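Model, not experiment: these values are computed from the prediction. The chain is numbered in sequence order, starting from 1.
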Amino acid sequence: MRLEIYRNISIVWSMVHVIVLFLMLFRSRYPKKKTLLISGIGMALLMAGNLAAVLAFGADAVGQWFLLTCSVPSFLFFWFLSEDRRIRFVFTFCLADTAVMWVIGVTLLLDYYLGGGRMLVMLIGRLILLPVLEYTAYRYLRKPYMELQASVAKGWGIFTGMTLLYYLLLALMMNYPVNLLQRPEDMLVVFLLLLLMLFNYGTIFAALYGQYQSYRWQQNERSLLEQRRSLEAQLENQKNIHRLKHDMKAHTITLSGLLAQGENEQAIHYLRRMVNQMEAAQEELCANPYLQAVFGHYCQRFEEAGMRLTLDIRVGEEELPYMDLCQILSNGLENAYDEMKELTEEPKEASVQMKYSHDYLILRLKNRCRPSRQIEKGTIPATDKPGAGHGFGIQTIQEAARRLSGEMFCYTENGTFVLDVMVRVSMDYSN
């Protein structure tokens, strides 16, 4: 009786920690509180059903069918909740399950060799090792792994295949044709499998860490590009200030000469022209001062390069997530400038539209592009520029849009590149 109690507690404890570990690593499509509530209810019902089956038919009988009674239902349940519904989700699901199954296998072997098969060593081992596994995952794996899922779309296939294979191997070795405890001749094989799994998972994590380091390097490159653009804008402002001082000196000399000669009407006419020029130079493109700075900088660059930039900005002085919006606009306009700079035929035109739609701010940037450039909606175009420092603009825009609970799409049509960004603005950006 005591043996069955220890076994049942171990089963429930392990099932709970599979769920906890998976929730640490996967990206839900719903807010955190809603995800925890739905997961708690759904998994509680699934665990209750499996526990009732264990009490009714025994752990050995249920263990042979746990792929159908536990794995498949939980896979479908979390697939519905997950933001990633492709190969990354399969990898995350198998990673969490096989990590816990590894602990289950190790504690089973320890109980067989050290505990005499009385299940007490197995229970104590799982009570200790599973929380340690979760702490290690939360402390060292969760943050870089979440960033990897959000940023790296390719290269998951081979890792997923390895984890899926280990999942099937562990399931078969533990339960088929009967429970492992009834097959002591297979204990050594299971031990070697667990040892091999440990080394292979070390290789997987090393590769993932390498991808994470590469991703961080790309982020640093993007940050440096943004800083360079900011410094260029500041330098351009300094040049404009020096140019204005020089022009004001010349204007003062001219006005002084006209007044000294008694040419009052000519002086007034000259002064009016000065005022008109200064008002044109200080034209307000947007009521938001931060967006105004971005638009002013790129309007001047486009004009100096013989390009036309049309603005239709319908946002006022209300509070906006200006840091991310400036990043989106700067990268979008920089890409448009680079693209049109390569054009050999006129017109070289670009436009920016910004307006509200309910709780969202809609931004559309269009610019002429090479006829050979073909981009389908829903894809991220790769850069064709040689060397480092290129190809980050669209990715940066996409990340900024997602930070604002929005989305980004880009595509080409009729020789025009279109960038659509929708971001949520009905939230507090004061912090």
Taking C-beta and beyond as the side chain, do Leu333 and Leu309 meet within less than 4.5 Å on heavy atoms?
yes
Look at atom CD of Gln182 and say whether more than 12 heavy atoms of other residues, nucleotides or ligands are closer to it than 6.0 Å.
yes
Which is it for Phe78 and Met43 under the side chain to side chain contact (heavy atoms under 4.5 Å, CB included) test, yes or no, and what are the steps along the way?
CA-CA 10 Å; Phe78 283 115; Met43 289 298 100; 3.7 Å; yes
Donor-acceptor check, side chain of Arg88 to backbone of Gln149, threshold 3.5 angstrom: yes or no?
yes
So which atom in Thr412 and which in Ile375 form the shortest heavy-atom distance, rounded to 0.1 Å?
OG1-N, 2.9 Å
Is there side-chain contact between Arg7 and Ile5, with heavy atoms separated by less than 4.5 Å?
no
Give me the atom names and distance for the closest heavy-atom approach of Ala99 to Leu21.
CB-CD2, 3.9 Å
Aromatic contact between Phe26 and Phe89, with the criterion being ring centroids under 6.0 Å apart: yes or no?
no
Please give me the minimum heavy-atom distance between Leu170 and Thr98, naming the atom from each residue.
CD1-O, 4.2 Å
Charged N to carboxylate O below 4.0 Å: is that the case for Glu83 and Arg29?
no
Would you say that Leu95 contacts Tyr201 through its side chain, given a criterion of any heavy-atom pair below 4.5 Å between the two side chains?
yes
Tell me the closest heavy-atom pair linking Ala336 and Leu365, and the distance in Å.
CB-CD2, 4.0 Å
When you measure from the side chain of Glu349 to the backbone of Glu346, do you find a donor-acceptor pair of N or O atoms at a distance under 3.5 Å?
no
Is Val352 close to Phe295 at the side-chain level, that is, under 4.5 Å between some pair of heavy atoms?
yes
Both conditions, 6.0 Å and 45 degrees, for the charged tip of Arg118 above the ring of Tyr6: are they met here?
no
Examine distances only and state if a side-chain atom of Trp156 and a backbone atom of Phe91 form a donor-acceptor pair shorter than 3.5 Å.
no
Any donor-acceptor pair under 3.5 Å from Arg142 side chain to Met24 backbone:
yes
Ignoring hydrogens and angles, tell me if any N or O in the side chain of Asn179 forms a donor-acceptor pair with the backbone of Asn175 under 3.5 Å.
no
Under 3.5 Å: donor-acceptor pair, side chain of Asp111, backbone of Met122
yes
If you draw a 6.0 Å radius around CD in Glu376, do more than 12 non-hydrogen atoms from other residues or ligands fall strictly inside?
no
Heavy-atom donor-acceptor pair, Trp102 side chain to Leu194 backbone, under 3.5 Å
yes
Calculate, to the nearest 0.5 Å, the distance between atoms CG and CH2 belonging to Leu130 and Trp13 respectively.
7.5 Å
Surrounding NZ of Lys341 (heavy atoms of other residues, nucleotides or ligands, distance under 6.0 Å), is the total greater than 12?
yes
Can you check side chain to side chain contact (heavy atoms under 4.5 Å, CB included) on Leu67 and Trp65, steps first, answer last?
CA-CA 5 Å; Leu67 287 174; Trp65 296 97; over 6 Å; no
Is a salt bridge present between Glu339 and Arg368, judged by a nitrogen-to-oxygen distance below 4.0 Å?
no
Non-hydrogen side-chain atoms of Val16 and Met47 separated by less than 4.5 Å:
yes
Between CZ of Phe417 and SG of Cys410, what distance do you get to the nearest 0.5 Å?
4.5 Å
Which distance, rounded to the nearest 0.5 Å, do you find between the CD of Gln353 and the OG1 of Thr310?
9.5 Å
What I want to find out is whether Asp84 reaches Arg86 closely enough, with some N-O distance under 4.0 Å, to be called a salt bridge.
no
Hey, can you tell me if Tyr337 and Phe302 have their rings parallel, tilted or perpendicular (30° and 60° cut-offs)?
tilted
Side chains of Met187 and Tyr113 in contact at under 4.5 Å (non-hydrogen atoms):
yes
Check whether more than 12 heavy atoms from other residues, nucleotides or ligands sit under 6.0 Å from atom CZ of Phe191, and answer yes or no.
no
Is it the case that the side chain of Ser330 and the backbone of Gln327 share a donor-acceptor pair, with hydrogens and angles ignored and the cut-off at 3.5 Å?
no
Checking side chain to side chain contact (heavy atoms under 4.5 Å, CB included) for the pair Ile11/Ile9: CA distance, chi angles, key distance, verdict?
CA-CA 5 Å; Ile11 292 173; Ile9 294 175; over 6 Å; no
More than 12 heavy atoms of other groups within 6.0 Å of Ile158 CD1:
no
Could you walk me through whether Met408 and Leu419 satisfy the side chain to side chain contact (heavy atoms under 4.5 Å, CB included) test, starting with their C-alpha distance in whole Å, then the side-chain angles of each, then the deciding distance to 0.1 Å, before giving a yes or no?
CA-CA 7 Å; Met408 177 220 78; Leu419 174 69; 3.7 Å; yes
Regarding Thr92 and Tyr145, is there a side-chain donor-to-acceptor distance under 3.5 Å anywhere?
yes
Under 3.5 Å, is there a donor-acceptor pair linking the side chains of Arg126 and Thr107?
yes
Would you mind reporting whether Leu81 and Phe77 have side-chain heavy atoms less than 4.5 Å apart?
yes
For Met173, is there any backbone N or O sitting under 3.5 Å from a side-chain donor or acceptor partner on Arg183?
yes
Do Glu334 and Tyr298 pair up side chain to side chain, a donor and an acceptor below 3.5 Å, judged on atom types alone?
yes
Beyond-backbone contact of Leu196 with Tyr166, side-chain heavy atoms, under 4.5 angstrom
yes
Which distance, rounded to the nearest 0.5 Å, do you find between the OH of Tyr411 and the OG1 of Thr416?
10.0 Å
Check Leu291 against Leu329 and note the closest heavy-atom contact, atom names and distance.
CD2-CD1, 3.7 Å
Residue pair Gly157 / Ile87: nearest heavy atoms and the distance that separates them
CA-CG1, 4.2 Å
In Å and rounded to the nearest 0.5 Å, what is the CG to CE distance from Leu108 to Met174?
6.0 Å
Quick one: CZ on Arg308 to OG on Ser351, what's the gap to the nearest 0.5 Å?
9.5 Å
Would you check if the side chain of Arg27 reaches a backbone N or O of Met146 as a donor-acceptor pair within less than 3.5 Å?
no
Is a donor from one side chain sitting under 3.5 angstrom from an acceptor on the other, for Asn50 and Thr69?
yes
Hey, is NZ on Lys348 packed in by over 12 heavy atoms from elsewhere, all under 6.0 Å?
yes
